[in-house]
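Just below is one structure, and these are the notes that go with it.
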Amino acid sequence: MTMTESRPPVAPGEPAPDFTLPAVERPETVSLGDYRGRSPVFLALFVGLWCPFCRRSIAQMGKVESKLKALGVEALGVVATAPENARLYFKFRPTRLRLASDPEMTTHHAYGLPKPAATPQFMQMLEKTRINPYGEFPEALPVIEAAAAVAKQDGYTDTDTDKADLDRQWPQLKGQFLIDRDGIVRWANIECATEGVAGVGKFPSEEEILTAARALPR
């Protein structure tokens, strides 16, 4: 895949770029500095709510959040849509995961998350690659069909805001970073980094996340 990125992805051992963004759950800001010297943080960077894999992963992270907290790790998600759009969505689909809004994807750029170029070759790869990211389909489906199937299962219909976010963002990749209390990245996962297009929609499993959290220096 041909990638466009402002810098290579932030790697373990590097300082985590700081940010200050609008919080989703209430009218305040959230900053990575809020956690500095207080607790490690599991940071998940999502795209907009048009992405069915992101919506599903946010729901899953809501279930992992308490297990991370038991290990002394806070969890924070960044969703790439306007605060008011995120607040409306999570009013009806509440989550335990603390969320910040970043419609311009400044954090994605700061953390070096790649954005593949939508070349004819890339589109062909999407058409040919079959995925089953949650293991719930009888068989793997082409990427676009898998996304549509997940959206149908979740009973979700795209809004005009979703469509506008999609037009600006696609095909931005997602990433997750485990950051220690000193602000140093200790573990990172970048979508498609190891499996190419076959990794689209895959989020680290609960056990992968908890194993990384347990390995943090105390």
Side-chain angles (χ1 to χ4, degrees), residues 10 16-36 38-111 113 134 150-151 154-156 158-159 161-166 168-170 172-179 181 183 185 187-191 201-206 209-210 212-213:
V10 175
D18 204 354
F19 54 82
T20 299
L21 298 167
V24 169
E25 65 269 24
R26 58 179 63 91
E28 61 183 24
T29 59
V30 57
S31 170
L32 187 62
D34 296 341
Y35 302 92
R36 190 84 31 87
R38 183 169 66 85
S39 71
V41 59
F42 179 84
L43 174 66
L45 303 183
F46 303 101
V47 292
L49 294 170
W50 58 266
C51 173
F53 305 126
C54 290
R55 297 194 304 267
R56 181 69 67 86
S57 296
I58 289 170
Q60 291 177 340
M61 273 304 303
K63 300 174 183 178
V64 179
E65 183 265 353
S66 60
K67 297 179 181 180
L68 283 169
K69 188 165 288 188
L71 295 171
V73 179
E74 298 290 337
L76 173 64
V78 174
V79 59
T81 194
E84 56 272 18
N85 187 53
R87 287 168 187 153
L88 179 61
Y89 176 85
F90 291 106
K91 176 181 179 181
F92 296 99
R93 298 171 178 83
T95 176
R96 295 173 60 95
L97 178 63
R98 190 182 188 195
L99 289 167
S101 166
D102 185 10
E104 301 306 319
M105 299 191 300
T106 58
T107 45
H108 296 70
H109 300 152
Y111 280 75
L113 294 185
Y134 306 104
V150 171
D154 293 347
Y156 188 80
D158 286 343
T159 67
T161 300
D162 293 330
K163 292 171 184 175
D165 286 345
L166 167 62
R168 290 186 298 108
Q169 298 171 2
W170 188 84
Q172 174 67 56
L173 301 183
K174 287 78 76 178
Q176 303 82 37
F177 302 86
L178 190 58
I179 303 163
R181 68 180 70 247
V185 173
W187 173 92
N189 177 76
I190 309 299
E191 183 182 25
K202 290 192 72 173
F203 191 78
S205 69
E206 177 179 309
I209 294 169
L210 296 178

(message) Test your reading of the model: is there a side-chain donor-acceptor pair from Ser39 to the backbone of Val73, 3.5 Å cut-off?
(response)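 It does not hold such a pair.
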
(request) Give a yes or no on whether the backbone of Val24 and the side-chain of Arg87 come within a donor-acceptor separation of less than 3.5 Å. (result)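 It does hold such a pair.
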
(request) Give the C-alpha distance, both sets of side-chain angles, the deciding distance and a yes or no for side-chain contact (heavy atoms from CB on, under 4.5 Å) between Glu65 and Thr95. (result) CA-CA 10 Å; Glu65 183 265 353; Thr95 176; over 6 Å; no

(message) Rounded to the nearest 0.5 Å, what separates atom CD in Gln176 from atom CD in Glu191?
(response)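 So the CD of Gln176 and the CD of Glu191 are separated by 8.0 Å.
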
(request) Any chance you could measure Trp50, atom CH2, to Asp158, atom CG, to the nearest 0.5 Å? (result)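 Trp50 atom CH2 to Asp158 atom CG measures 9.5 Å (nearest 0.5 Å).
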
(request) Fit a plane to each ring of Tyr134 and Phe53, take the angle between them on a 0 to 90° scale, and name the class: parallel (under 30°), tilted (30 to 60°) or perpendicular (over 60°). (result)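 Tilted, since the angle between the ring planes falls between 30° and 60°.
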
(request) Check the angle between the aromatic planes of Phe203 and Phe42 and answer parallel, tilted or perpendicular using the 30° and 60° thresholds. (result)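 Answer is perpendicular, since the angle exceeds 60°.
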
(request) Would you check, one step at a time, whether the test side-chain contact (heavy atoms from CB on, under 4.5 Å) holds for Tyr89 with Val79? (result) CA-CA 11 Å; Tyr89 176 85; Val79 59; over 6 Å; no

(request) Could you pull out the closest heavy-atom pair between Leu71 and Ala213, with the gap in Å? (result)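 Smallest interatomic distance, heavy atoms only, reads CD1-CB, 3.9 Å.
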
(message) Which residue is it: Thr161, Asp102, Asp165? I am looking for the one with a side chain to side chain donor-acceptor pair (under 3.5 Å) to Thr81.
(response)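 Of Thr161, Asp102, Asp165, side chain to side chain donor-acceptor pair (under 3.5 Å) with Thr81 is met by Asp165 alone.
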
(request) For Arg96, look at atom CZ and say whether over 12 heavy atoms of other residues, nucleotides or ligands are found less than 6.0 Å away. (result)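 No, CZ of Arg96 has 12 or fewer neighbouring heavy atoms, counting only those of other groups under 6.0 Å.
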
(message) Check this for me: does any side-chain nitrogen of one of Glu74 and Arg98 sit under 4.0 Å from a carboxylate oxygen of the other?
(response)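 Salt bridge: no.
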
